[in-house]
Amino acid sequence: MIAASGVLAFGLLGGVAGLVLLIGGLVLLDVAVQCNQVANQSRIFALLPEARSRLNTAYMTCTFLGGTLGSWLGVQAYDLFGWARSPA
C-alpha cells in the first residue's frame, strides 16, 4: 500500500509519464487489496473451519458495507469541499 501511494503521488507529474505512473500505482494498489483480502480470509477461516460459508458471508457483508460507507463519505466530502485544483 505504501509503495502504491508513492507511485500514485508521482502521477501528479502529468503527461505520458504521469499517466503511466498512475496506472502502475493503481495496479499496485489492486494487488495490495487482493493480498489483504486473501490474508484476512485465511485468518477467519482458521477460526472455525466447519463454518467457512457463514464466516465468509459475514466477512463479505462487512467488506461491502465498509465500501458503501467509504463511498458515501467520499461523496459527502466532495459535496462539502469540492475538488482541489492544482496550480497550472
Side-chain angles (χ1 to χ4, degrees):
M1 295 291 281
I2 294 170
S5 298
V7 174
L8 284 170
F10 284 108
L12 294 172
L13 294 174
V16 175
L19 182 60
V20 169
L21 289 167
L22 183 65
I23 291 169
L26 290 174
V27 169
L28 280 173
L29 186 62
D30 185 54
V31 168
V33 168
Q34 294 298 322
C35 290
N36 184 39
Q37 183 143 348
V38 168
N40 286 335
Q41 284 180 314
S42 295
R43 285 186 195 109
I44 65 164
F45 290 161
L47 295 174
L48 199 58
E50 62 274 6
R52 279 187 170 184
S53 179
R54 288 176 285 167
L55 290 170
N56 193 53
T57 299
Y59 175 76
M60 292 309 296
T61 299
C62 291
T63 298
F64 281 104
L65 287 174
T68 302
L69 178 63
S71 295
W72 182 80
L73 289 172
V75 168
Q76 298 307 309
Y78 178 78
D79 190 40
L80 286 172
F81 306 110
W83 191 269
R85 306 223 183 247
S86 60

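We count residues from 1, following the sequence as given. Only this structure's heavy atoms are used, side chains among them; waters, hydrogens and symmetry mates stay out.
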If you draw a 6.0 Å radius around CD1 in Ile2, do more than 12 non-hydrogen atoms from other residues or ligands fall strictly inside?
->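 Check fails, neighbour count at 12 or below.
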[X] [atom1] to [Y] [atom2] distance, which is reported to the nearest 0.5 Å:
| X | Y | atom1 | atom2 | answer |
| --- | --- | --- | --- | --- |
| Asp79 | Gln76 | CG | CD | 6.0 Å |
| Leu65 | Leu69 | CG | CG | 8.5 Å |
| Ile23 | Leu8 | CD1 | CG | 11.0 Å |
| Gln34 | Leu29 | CD | CG | 10.5 Å |

If you look at every heavy atom in [X] and [Y], which pair is closest and at what distance?
| X | Y | value |
| --- | --- | --- |
| Gln41 | Tyr59 | CG-CE2, 3.6 Å |
| Leu55 | Leu48 | CD1-O, 3.6 Å |
| Ala4 | Leu28 | CB-CB, 3.8 Å |
| Leu13 | Leu21 | CD1-CD1, 4.0 Å |

Would a 4.5 Å heavy-atom cut-off, applied to side chains only, mark [X] and [Y] as touching?
| X | Y | answer |
| --- | --- | --- |
| Phe45 | Asn56 | yes |
| Val16 | Val20 | yes |
| Arg43 | Asn40 | yes |

